[in-house]
Engineer: 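Pasting in a structure now, in C-alpha cells, and then I'll have a few things to ask.
Nothing here was measured: the structure is a model prediction, and the numbers come from that model. Count residues from 1 along the sequence.
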Amino acid sequence: MASKALDPGRYTDPVSQPAPEGHQHGPGWVAELEYRPLDGGPIQAVEMHGPSEEIARTELLEWVRATLGQVQSMAPRSPAVEKFIEAASHMHDLRQAAKALEKANSAKGTDIARFLRSYAVVTYSRTRGSNVRPDLDKFIALGADDIALSAQLKTLRNKFVAHSENRMLTTTPIVDLRRQPDGAIAVDEVFGITVETPIPHEVIRNFEAMLERLIAKLTHALTPLKAEVTAEISQVDAEEMLAHPKRLQFIPVPVSDWSPDGARPRYPKSQFAPVHIVPSGETSTQVTITK
C-alpha cells in the first residue's frame, strides 16, 4: 500500500483477501490498512481477521476509527440540517431512477426492462409535487430541455404508468365467428387484445442523460449546504457527539407495525431505522449514501 503521503489521522482504504493457509486465526478473510497516528508519528500497519470479507473489513474500519478518535453520529437538528436533508433526499430518487434504467439496459427479456423503465419514471416523479418536502428545482436549476423532458415524464407517469389514460394502452375487442352447417353464423368467443406501446428508446436515452446531469448538479449544490451544517456544530456539540455518538442502526420490527400512511419526517425521530420483517423471513432495504 502506497501511504507515504498520509496526513496525521488518515488511513488507506482497506484491502481484503482470503486468509492464507495456516493463518493463526484459521480460515476466513484478512483485511489490512495503514494509518498515521494523530501525533504525526510513523505510519502503522494493522490487519483484522474475520469469518467473511465484510466482517473483517467492517471490524478493521471500526478499530482504526476508534483509535484515531473518529466516530459517525447523527447530526443534531437545526435549520441547516433540515435543508440539507431536503436536498440530499432527492439524490436517492435520482440515483434509483438512474440505476433502474441501467439495469433495464442489461435485463434479460423485454418485460423486465419495461417494468424497470416504468419504475424509473415513477421514482424520478417523486422529486416534484410532494406535500412534505420542496421540489428538486429549489436546489438546482434545470435547462430548457430538461424542463421539457421532466414535463413529458410527469405526463407519462400520470397518464400511463400510474393511470391508464393515454393511447399507449389500447384494448381492441375481438370475436371469433364460425358459419354453421345450416348457414347461420355463430359467435364462438369474445376476447380483448390489449396492446402496450413501449416508451421510445430516444426518450429513454434523453432520460438517462438528464439524470446524469441532475446528479452532477445536485452533488455540486450540496457542497455549501454541508458547509452550513459544519459551521453550526460547535465544539461543545462535537464533544458531546464524540462521547455519545448516535450511530444509524437498523432494527427489525414486525410487519404488523407497517403502514403506508406515515408522513415522511423533516428530521428522523431517532438513529434507529426500522426494517419490517416476517419472523424467520427475509427482507431488504435500499440505502443511498450522499456525499
Engineer: Any side-chain heavy atom of Met210 sitting closer than 4.5 Å to one from Leu153?
Structural biologist: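 When only atoms from C-beta onward are counted, Leu153 and Met210 do touch, with a gap below 4.5 Å.
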
Engineer: Looking at every non-hydrogen atom in both residues, tell me the closest pair between Pro76 and Met241 and how far apart they are.
Structural biologist: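 Distance-wise, the nearest heavy atoms are CD-SD, 3.6 Å.
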
Engineer: Any side-chain heavy-atom pair from Ile174 and Glu189 closer than 4.5 angstrom?
Structural biologist: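 Heavy-atom side-chain distance check fails, nothing below 4.5 Å.
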
Engineer: Measuring only between side-chain heavy atoms, which start at C-beta, is Leu6 closer than 4.5 Å to Thr12?
Structural biologist: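 Contact flag for Leu6/Thr12 side chains = yes.
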
Engineer: Given the rule in the side chain to side chain contact (heavy atoms under 4.5 Å, CB included) test, do Lys291 and Ile289 qualify, once you have shown the distances and angles that lead to the verdict?
Structural biologist: CA-CA 6 Å; Lys291 293 186 176 182; Ile289 299 176; 4.0 Å; yes

Engineer: Can you pull the ring pair (Phe, Tyr, Trp, His ring centres under 6.0 Å) pairs that have at least one residue in residues 204-245, sequence neighbours excluded?
Structural biologist: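 Residue pairs passing ring pair (Phe, Tyr, Trp, His ring centres under 6.0 Å), neighbours aside: Tyr124-Phe207.
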
Engineer: If hydrophobic clusters are built from ILVMFWY residues whose side chains come within less than 4.5 Å, do Val30 and Val64 share one?
Structural biologist: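 Val30 does not cluster with Val64.
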
Engineer: Report all side-chain donor-acceptor pairs from residues 164-172 shorter than 3.5 Å, counting only partners two or more places apart or in another chain.
Structural biologist:
unit_1, atom_1, unit_2, atom_2, d
Asn166, OD1, Met168, N, 3.1
Thr170, OG1, Arg167, O, 3.4
Thr171, OG1, Thr194, OG1, 2.7

Engineer: Might you point out which heavy atoms bring Thr127 and His90 nearest each other, and give the distance in Å?
Structural biologist: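 Taking Thr127 first and His90 second, the nearest heavy atoms are O-CE1, 3.3 Å.
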
Engineer: Are Ser234 and Asp237 linked by a side-chain donor-acceptor pair shorter than 3.5 Å?
Structural biologist: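 A donor-acceptor contact under 3.5 Å links the two side chains.
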
Engineer: Got a salt bridge between Arg10 and Asp7, using NZ or NE/NH1/NH2 to carboxylate O under 4.0 Å?
Structural biologist: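 Salt bridge absent between Arg10 and Asp7.
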
Engineer: Do Leu156 and Leu142 share a hydrophobic cluster, counting only Ile, Leu, Val, Met, Phe, Trp and Tyr and linking them when any side-chain heavy atoms are less than 4.5 Å apart?
Structural biologist: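 Cluster IDs for Leu156 and Leu142 match.
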
Engineer: With side chains defined as the heavy atoms from C-beta onward, is the minimum distance between Pro37 and Gln44 less than 4.5 Å?
Structural biologist: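 Yes. Closest side-chain heavy atoms under 4.5 Å.
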
Engineer: Has the side chain of Thr123 got a donor or acceptor atom that lies under 3.5 Å from a matching backbone atom of Ala97?
Structural biologist: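 No, the answer is negative, given that no donor and acceptor are paired below the 3.5 Å cut-off.
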
Engineer: Between Tyr11 and Arg36, is there a side-chain donor-acceptor contact under 3.5 Å, judged purely by atom types and distance?
Structural biologist: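 No.
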
Engineer: If we only count heavy atoms from C-beta on, is the Arg57 to Trp29 side-chain gap below 4.5 Å?
Structural biologist: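 Side-chain contact under 4.5 Å: no.
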
Engineer: Search all heavy atoms of Ala88 against all heavy atoms of Thr290 and return the closest pair with its distance.
Structural biologist: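 Answer, listing the atom of Ala88 first, then Thr290: O-OG1, 3.8 Å.
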
Engineer: Any heavy-atom pair between the side chains of Thr67 and Arg65 that's under 4.5 Å?
Structural biologist: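 They are not in contact (no side-chain heavy atoms under 4.5 Å apart), so the answer is no.
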
Engineer: Less than 4.5 Å apart, side chain to side chain, heavy atoms only: is that true for Met48 and Glu62?
Structural biologist: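 Not touching, per the 4.5 Å side-chain cut-off.
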
Engineer: Just so I know, are the side chains of Met74 and Ser270 near enough to count as touching, which here means a heavy-atom distance under 4.5 Å?
Structural biologist: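 Met74 vs Ser270: side chains apart.
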
Engineer: Can you name the nearest heavy-atom pair linking Ile233 to Ala238, along with the distance?
Structural biologist: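 That would be CG2-N, 4.0 Å.
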
Engineer: Closest heavy-atom contact between Ser16 and Ala31?
Structural biologist: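 Scanning both residues completely, I find the closest heavy atoms to be OG-CB, 3.7 Å.
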
Engineer: Apply the hydrophobic cluster definition, ILVMFWY joined by side-chain contacts under 4.5 Å directly or through others, and give me every member besides Val175.
Structural biologist: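 Leu177, Ile185, Val187, Val190, which link up through side-chain heavy atoms under 4.5 Å apart, make up the rest of the cluster.
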
Engineer: Under the ring pair (Phe, Tyr, Trp, His ring centres under 6.0 Å) rule, what pairs show up with a residue in residues 163-187, not counting sequence neighbours?
Structural biologist: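 Not a single pair qualifies under ring pair (Phe, Tyr, Trp, His ring centres under 6.0 Å).
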
Engineer: Does CD in Gln235 sit with more than 12 non-hydrogen atoms of other residues, nucleotides or ligands closer than 6.0 Å?
Structural biologist: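 No, not enclosed.
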
Engineer: List the steps and the verdict of salt bridge (charged side-chain N to carboxylate O under 4.0 Å, His left out) for Arg133 and Glu86.
Structural biologist: CA-CA 6 Å; Arg133 67 171 180 176; Glu86 291 172 348; over 6 Å; no

Engineer: Quick one: do Asp188 and Arg178 make a salt bridge, cutoff under 4.0 Å?
Structural biologist: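 Salt bridge between Asp188 and Arg178, a charged N being under 4.0 Å from a carboxylate O: yes.
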
Engineer: So, Gln70 side chain and Gly9 main chain: donor-acceptor pair closer than 3.5 Å or not?
Structural biologist: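 Checking the backbone N and O of Gly9 against the side chain of Gln70, a donor-acceptor pair under 3.5 Å is found.
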
Engineer: When you measure from the side chain of Ser130 to the backbone N and O of Arg126, does any donor-acceptor pair fall under 3.5 Å?
Structural biologist: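 It does not hold such a pair.
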
Engineer: Roughly how far, to the nearest 0.5 Å, is CG of Asp137 from OG of Ser150?
Structural biologist: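 Those atoms lie 7.0 Å apart.
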
Engineer: What residues, two or more places apart in sequence or in another chain, satisfy side chain to side chain contact (heavy atoms under 4.5 Å, CB included) together with Glu102?
Structural biologist: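 Counting only residues at least two positions away or on another chain, Glu102 forms no side chain to side chain contact (heavy atoms under 4.5 Å, CB included).
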
Engineer: Taking atom types as modelled, find out whether Ser78 and Glu232 have a side-chain donor-acceptor pair closer than 3.5 angstrom.
Structural biologist: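 Indeed, the side chains of Ser78 and Glu232 share at least one donor-acceptor pair under 3.5 Å.
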
Engineer: To the nearest 0.5 Å, what is the distance between CG on Leu214 and CD1 on Ile140?
Structural biologist: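 Those atoms lie 4.5 Å apart.
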
Engineer: Quick check on the hydrophobic clustering: are Val229 and Leu222 connected, directly or via other members, by side-chain heavy-atom contacts under 4.5 Å?
Structural biologist: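 Yes: a chain of side-chain contacts under 4.5 Å links Val229 to Leu222.
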
Engineer: Closer than 3.5 angstrom, by distance alone: can the side chain of Asp135 be matched with the main-chain N or O of Gly129 as a donor-acceptor pair?
Structural biologist: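 Yes; judged by distance alone, with no hydrogens or angles, the pair exists.
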
Engineer: Please tell me whether Val287 and Leu94 are part of a single hydrophobic cluster in this structure, the criterion being side-chain heavy atoms less than 4.5 Å apart.
Structural biologist: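 In one cluster with Val287: Leu94, no.
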
Engineer: How long is the straight-line distance from CD of Glu82 back to OH of Tyr267, given to the nearest 0.5 Å?
Structural biologist: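 Answer for the OH-CD pair, Tyr267 versus Glu82, is 9.0 Å.
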
Engineer: What's the shortest heavy-atom distance between Ser118 and Val161, and which atoms?
Structural biologist: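 For Ser118 versus Val161, the nearest heavy atoms are O-CG1, 3.8 Å.
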
Engineer: Once ring-ring contact (aromatic ring centres under 6.0 Å, His included) is applied, do any residues pair with His49, and if so which ones, sequence neighbours excluded?
Structural biologist: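 His49 satisfies ring-ring contact (aromatic ring centres under 6.0 Å, His included) with His23, His25 only.
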
Engineer: About how many Å separate NZ of Lys99 and OH of Tyr119, when rounded to the nearest 0.5 Å?
Structural biologist: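 Spacing of OH (Tyr119) from NZ (Lys99) equals 9.0 Å.
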
Engineer: Could you walk me through whether Ile85 and Arg266 pass the side chain to side chain contact (heavy atoms under 4.5 Å, CB included) check?
Structural biologist: CA-CA 7 Å; Ile85 288 173; Arg266 290 177 57 85; over 6 Å; no

Engineer: For Gln180, is the CD atom crowded, meaning more than 12 foreign heavy atoms sit under 6.0 Å from it?
Structural biologist: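 More than 12 within 6.0 Å, yes.
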
